[in-house]
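Working notes, structure below.
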Amino acid sequence: MVWRLQADRKQLPLLLLRLLCLLPTGLPVRSVDFSRSTDNITVRQGDTAVLRCFIDDKSAKVAWLNRSAIIFAGQDKWSLDPRVELDKRSVLEYSLRIQKVDVYDEGPYICSVQTQHHTKTSNVYLIVQVPPKISNISADITVNEGSNVTLVCIANGRPDPIITWRHLNPTARYFEGEEEYLDIQDITREQSGKYECKAANEVAAADVKQVRVTVNYPPIITESKSIEAITGRQANLRCEASAEPKPDFEWYKDDTRINSAQGLEIKSMGNRSTLVVANVTEEHYGNYTCVATNKLGVTNTSLFLYKRVIATKPIPAAERDSSNRFKQKGPGTVIADNGSISLAASIWLMAISLFFCLICKC
Ligand SMILES: *[C@@H]1O[C@H](CO)[C@@H](O)[C@H](O)[C@H]1NC(C)=O
Ligand SMILES: *[C@@H]1O[C@H](CO)[C@@H](O)[C@H](O)[C@H]1NC(C)=O
Ligand SMILES: *[C@@H]1O[C@H](CO)[C@@H](O)[C@H](O)[C@H]1NC(C)=O
Ligand SMILES: *[C@@H]1O[C@H](CO)[C@@H](O)[C@H](O)[C@H]1NC(C)=O
Ligand SMILES: *[C@@H]1O[C@H](CO)[C@@H](O)[C@H](O)[C@H]1NC(C)=O
Ligand SMILES: *[C@@H]1O[C@H](CO)[C@@H](O)[C@H](O)[C@H]1NC(C)=O
Ligand SMILES: *[C@@H]1O[C@H](CO)[C@@H](O)[C@H](O)[C@H]1NC(C)=O
Ligand SMILES: *[C@@H]1O[C@H](CO)[C@@H](O)[C@H](O)[C@H]1NC(C)=O
Ligand SMILES: *[C@@H]1O[C@H](CO)[C@@H](O)[C@H](O)[C@H]1NC(C)=O
């Protein structure tokens with residue numbers, strides 16, 4: 001039979017002891033006091049706890065109690081819990097062993113030793129520790145840019161784990177002062193990626209879990225370039241767009257949509273699209289438009305396929321590109337790119353000066 005008495009919690013063990021005649025009736029209440037000389041025993045959940053108690057007289061009356069019940073009275077086991085047993089390595093030891101400790105075992109335990117002359121109690125406070133464990137974390141989510149997002153991470157453990165959040169990529173940013181709930185207001189595309197929740201206490205290694213946040217945004221074209229092509233050769237017009245979800249591409253020549261036919265082929269993959277002109281002819285030159293679309297928007301850019309004339313003597317590319325900076329060719333071109341005057345030009349100028357000098361003299 002397990003004793004369950006309705007009484008003030010602190011008084012209860014005292015009452016139980018009285019019932020067992022382990023306490024002299026005249027003893028003042030103060031003499032059994034949990035707060036005085038309590039030893040703390042810290043055990044991890046699942047481990048075995050041994051609550052030590054020693055007696056100095058074999059004939060003493062002994063008992064183990066917890067907050068609400070007698071566990072052992074002498075050699076008699078009152079508790080029905082199979083995990084509980086006495087640990088007696090000598091006749092003078094009266095320790096209590098609790099196997100597979102769980103959180104509900106936490107609390108005060110009393111070893112009561114009564115001899116003919118006095119009653120001694122030793123109080124033990126059992127602390128049960130539990131490693132941190134994340135029990136629930138938000139599922140991966142996809143939101144539109146500008147949304148308010150709240151990520152949740154619930155963790156258990158004893159002591160209560162400290163929860164921290166981190167944005168893994170691309171910023172690797174830590175969030176200060178956030179706990180179970182991470183609020184991201186007005187989310188931007190840069191804030192998409194994996195978020196890591198870490199639950200830590202001093203008991204064991206931290207538990208870590210991740211949640212992926214995908215932020216949708218409309219396309220913006222990040223790369224497109226007009227190119228020169230040679231008649232009879234292949235030409236590739238490229239267009240790259242940044243978007244989430246990945247964009248669909250369309251190509252237009254002037255105002256006409258291009259399909260993959262008649263020597264034209266559109267190759268789109270991920271955030272890139274290439275318009276391949278297999279064999280460039282006269283009518284392929286001109287104005288093209290690349291259109292990138294996803295469910296949040298559409299954008300376009302124009303690019304040109306220019307005709308490149310193969311000169312009999314090829315002009316170096318560098319000279320061609322900067323040709324508009326040299327308005328004239330020949331000896332008149334004296335000012336070089338860097339503003340200095342070349343030696344040849346200096347001689348040329350000196351010759352002219354000399355010529356004018358001679359005229360003036362005449
Ligand atoms: C036992 O732990 C409590 C808090 O958990 C603490 O206040 C007290 O000082 C500890 N007692 C001893 C003897 O370590
Ligand atoms: C201590 O008391 C509680 C409440 O009655 C009980 O659930 C628990 O099993 C007891 N602990 C031991 C070790 O007997
Ligand atoms: C996890 O949390 C979400 C939101 O708070 C809730 O809907 C869900 O039921 C929870 N799952 C579990 C296993 O607790
Ligand atoms: C996000 O939260 C802010 C501040 O609470 C609020 O002003 C705003 O309207 C919210 N935005 C959305 C899209 O709910
Ligand atoms: C490209 O087209 C021209 C004219 O139609 C043709 O003569 C030439 O053989 C073609 N070249 C290739 C590589 O197909
Ligand atoms: C396009 O995709 C590639 C590979 O997925 C990525 O490395 C690149 O940054 C993306 N470019 C843009 C502009 O999103
Ligand atoms: C190229 O075509 C686009 C779409 O038709 C047009 O908006 C743009 O003005 C054109 N560019 C030129 C230089 O003609
Ligand atoms: C490109 O965008 C402009 C303005 O944003 C629009 O007027 C035009 O119709 C678009 N062109 C195509 C081919 O979608
Ligand atoms: C400037 O140009 C001249 C001739 O083109 C060259 O010799 C000289 O090294 C250049 N100086 C610098 C600083 O680039």
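Note that this is a predicted model, so its numbers are computed, not measured. Computed over heavy atoms, backbone and side chain alike; hydrogens, waters and symmetry mates excluded. Just so you know, ligand 1 is whichever comes first in the structure, and atom 1 is the first atom listed for that ligand.
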Close-contact set for ligand 7 against Phe304 heavy atoms, below 4.0 Å: 11 (N), 12 (C), 13 (C)
Does the side chain of [X] pick up a donor-acceptor pair with the side chain of [Y] at under 3.5 Å?
X: Asp47; Y: Gln45; value: no
X: Asp183; Y: Thr150; value: yes
X: Asp57; Y: Ser59; value: yes
X: Thr289; Y: Trp251; value: no

Heteroatom proximity flag, Thr281 to ligand 5, N/O under 3.5 Å: no
Short N-O contact, Arg158 and Asp160, less than 4.0 angstrom: no
Atom CD of Gln116: over 12 foreign heavy atoms under 6.0 Å: no
Aromatic ring pairing His167/Tyr195, orientation class (parallel under 30°, perpendicular over 60°, tilted between): parallel
Distances under 3.5 Å, N/O of ligand 8 against N/O of the protein: list each pair and its distance.
{"from": "ligand 8", "atom 1": "2 (O)", "to": "Asn300", "atom 2": "OD1", "distance (Å)": "3.3"}
{"from": "ligand 8", "atom 1": "2 (O)", "to": "Asn300", "atom 2": "ND2", "distance (Å)": "2.3"}
{"from": "ligand 8", "atom 1": "11 (N)", "to": "Asn300", "atom 2": "ND2", "distance (Å)": "2.8"}
{"from": "ligand 8", "atom 1": "14 (O)", "to": "Asn300", "atom 2": "ND2", "distance (Å)": "3.4"}

